[in-house]
Amino acid sequence: MRTLIFSDIHGNLEALNALLKFAQKRHIDRYVCLGDLVGYGASPNETIQKIRMLKPLSLIRGNHDKAVTNQDSIETFNPIAAAAIHWTQARILKKNLEFLTHLPEGPLTVDNEFTICHGAPFDEDYYIFGEFDAAEAFDYLDLPLGFFGHTHFPFIYTKREGQVEGQFLEGPINEIKLEKGVSYFINPGSVGQPRDRNSRAAFAVYDRDLHSIRFHRIEYDIAEAQKKILKAELPSALAERLSLGI
Ligand SMILES: [Fe+2]
């Protein structure tokens, strides 16, 4: 049983299409999405429609999904992020807005196997940055495996005999074997707006039978995503950052 786990697509259809092409060529049984379908990118409607067609086993909301649906204020958003929210609100189709509005809040338990949240299990908007944050998150997780998004950094936190350790994931493919007695809290990275100075789309595949997780980075048509952002008159910084991975 292979589950593709992805997060933070942010209206980047080109990055999502690359992920789907990757998945078609492999054996993927189910999809789990950790939120932030929209915000920043120029294709919110197409992104939502594609994700709906995937019929993910579980899908939770992110802070940008909440902001677009007016379920949260944009006070904490920087001016560029706020501009993208207003742009998205003006263009999102009613059916897609309704879909976003009804996305559940994390944390959620998936198939009694693992937990998912957008930011942290104790607060969906909290950014897990560092072992101190991760240690608190582990206290809220009942299962030994959890996934989170929000920071746009692919990262693994492990808890072994009470000791929490973090590991940043570099390289095109990384794989870990899940060990008994060890807990894992994992960020698969961002599909549509990586921020770790690596412009390639990030996601992970969890293989339940092999007790393994593979982390992937794949190329996508960045130039096309940038062209759409500029044509849409979204802030040009949103286009620039895609090729820099920031
Ligand atoms: Fe995000």
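Both counts, for ligands and for their atoms, begin at 1 and track the order of listing.
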*Do the side chains of Phe6 and Ile51 get nearer than 4.5 Å, heavy atoms only?*
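Side chain of Ile51 against side chain of Phe6, heavy atoms only: contact under 4.5 Å found.
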
*Sub-4.5 Å side-chain heavy-atom contact between Lys21 and Asn17*: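 Not in contact.
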
*In chain order, what residues pass the ring pair (Phe, Tyr, Trp, His ring centres under 6.0 Å) check against Tyr40, with sequence neighbours excluded?*
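Result, ring pair (Phe, Tyr, Trp, His ring centres under 6.0 Å) vs Tyr40: His10, His64.
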
*Residue pairs fulfilling side chain to side chain donor-acceptor pair (under 3.5 Å) with at least one residue in residues 181-190, sequence neighbours excluded*: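 Those involving residues 181-190 are Thr151-Asn187.
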
*Among residues two or more places apart or on two chains, list those pairs meeting side chain to side chain donor-acceptor pair (under 3.5 Å) that have a residue in residues 119-128.*
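Every pair satisfying side chain to side chain donor-acceptor pair (under 3.5 Å) with a residue in residues 119-128: Arg61-Glu124, Lys66-Glu124, Lys66-Asp125, Tyr126-Asp133.
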
*the Fe ion (ligand 1) - number of protein N/O/S atoms closer than 2.8 Å*: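 Excluding waters, the total comes to 4.
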
*Would you call the rings of His150 and His118 parallel, tilted or perpendicular, where under 30° means parallel and over 60° means perpendicular?*
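Answer is tilted, since the angle falls between 30° and 60°.
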
